[in-house]
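To find a chain, count down the sequence lines: A is the first, B the second, and so on, and within it residues start at 1.
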Number of protein chains: 2
Amino acid sequence: MSTAERLVESTRDLLWERGYIGTSPKAIQQRAGVGQGSMYHHFAGKPDLALAAINRTAQEMRAKAEEQFSASGDATERITAYLRREREVLKGCPIGRLTQDPDVMADPMLRAPVEETLAWLRDRLAEILAEGRERGELDAALDPQATAATVVAVLQGGYVLARAADSPAPFDQAITGVLGLLAAHTSTAPK
Amino acid sequence: MSTAERLVESTRDLLWERGYIGTSPKAIQQRAGVGQGSMYHHFAGKPDLALAAINRTAQEMRAKAEEQFSASGDATERITAYLRREREVLKGCPIGRLTQDPDVMADPMLRAPVEETLAWLRDRLAEILAEGRERGELDAALDPQATAATVVAVLQGGYVLARAADSPAPFDQAITGVLGLLAAHTSTAPK
DNA sequence: GTCTATAGACAGATAGAC
DNA sequence: GTCTATCTGTCTATAGAC
């Protein structure tokens, strides 16, 4: 892996663990095994490195979600697969956590990928729910937009509960709960 | 307000806005209008101040939630009142945001109130849901524990979505969505 | 490209005068 | 109780040699 690559990966790890404010250039260099001068040769500074790191994480997150979204199965099956997918629950969401970082939210460049990724997730889920409703799989009373927001929120909030409890249990419960609620909106008629 | 009081309030504000890592003793003093020596006379240091601040915020959060929980009305009404209560959505949850602060989570004293408050919220909501189920108001198939975790997660995740979008809209949608899902589990039989 | 040196500002306190 | 001085270390770079 190139020096620049190692710096970006190191920054991704640290942003996930400690956030933007809690991540120093020195820590990034040490984790990457790269010297000070080398870092400033490849990147203009901390914001520049963070931008590269956040963009890559956002890209990766979409790609992983799209794996479940575009798989075969009806709406409920694909959403279940997405929610039940293996995750590093106790580490939290590497994108969602950035919303708590005032310096990230204050910089339009850093903020954009965070905003876009979560908006994309909601839109994509809303599409899948709308499709399920049209096919008669889901109750006509179900609001795709609102329900999509709920699903993403359960995920993001589940991470918060898991970190607070230092256990993945409340995350799993929250997922179980929302899937149970969604099941009641599923048509019992044959597909 | 006493000097000590002003320091605690100032710390509460800053922890909410910038988190533990992002909050310096100097910033606390300036916002409180209190000198350095004065601060260290009343508090041992930053962790001590943070402990006082977090405990107060946790206490306040429980009291406000209990207002809706112990009000009159059936389970759905009380949960709706809790979720629809006026909130400073764009500021996020002052307790939930601390789960992203590694230094807070690493200190058992600072971590305890965060863990306990969110656990208490889940337990309290589970009680209310169980009660509603016993009364026949809610579907017998509904899992009170899991659903309670879902409700708290929607709240915590709703804050994340709102901050990402810089708009309360996705928060409101997430609430609308979960209440819509819950409605399908509500018995249509007379109470 | 990578290294070391340097630098001004801030973090998080301690000490002692008043 | 509050104030000012002082201190060690870190933050986030810049400069210039190799």
Can you name the closest pair of heavy atoms from [X] and [Y] and give their distance?
| X | Y | value |
| --- | --- | --- |
| B:Ala165 | B:Pro170 | CB-CG, 3.8 Å |
| A:Gly92 | A:Tyr159 | CA-CD2, 3.5 Å |
| B:Ala32 | B:Arg6 | O-NH1, 2.9 Å |

Roughly how many Å is it from NZ in B:Lys46 to C1' in C:dT14, rounded to a whole number?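 So the NZ-C1' distance, B:Lys46 to C:dT14, works out to 18 Å.
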
ask   = Taking CZ from B:Phe43 and P from C:dA13, how many angstroms apart are they, rounded to a whole number?
value =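 The distance from CZ of B:Phe43 to P of C:dA13 comes to 14 Å, rounded to the nearest Å.
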
Touch check for A:Thr23, heavy atoms < 4.0 angstrom, all strands: base, sugar-phosphate only, or nothing?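 Here A:Thr23 touches the backbone only, sparing every base.
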
Are A:Leu51 and A:Ile54 co-members of a hydrophobic cluster defined by side-chain heavy atoms under 4.5 Å apart?
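Yes, it is one cluster - the side chains of A:Ile54 and A:Leu51 are joined through contacts under 4.5 Å.
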
* **Given DNA chain D, 5'-ward residue of the pair A:Pro25 and B:Gly35, judged by closest heavy atom** =>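 Its nearest nucleotide lies further toward 5', so the answer is B:Gly35.
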
- Tell me, yes or no, whether the heavy-atom count around A:Lys91 atom NZ, taken from other residues, nucleotides or ligands under 6.0 Å, exceeds 12.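 For A:Lys91, atom NZ is crowded (more than 12 foreign heavy atoms under 6.0 Å).
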
(message) Between B:Arg18 (side chain only) and A:Pro102 (backbone N and O only), is there a donor and an acceptor less than 3.5 Å apart?
(response)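 No; judged by distance alone, with no hydrogens or angles, the pair does not exist.
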
- First-last contacting nucleotides on DNA chain D - partner chain A, under 4.0 angstrom, heavy atom: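 The contact span of chain A on DNA chain D goes from D:dC11 to D:dT14.
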
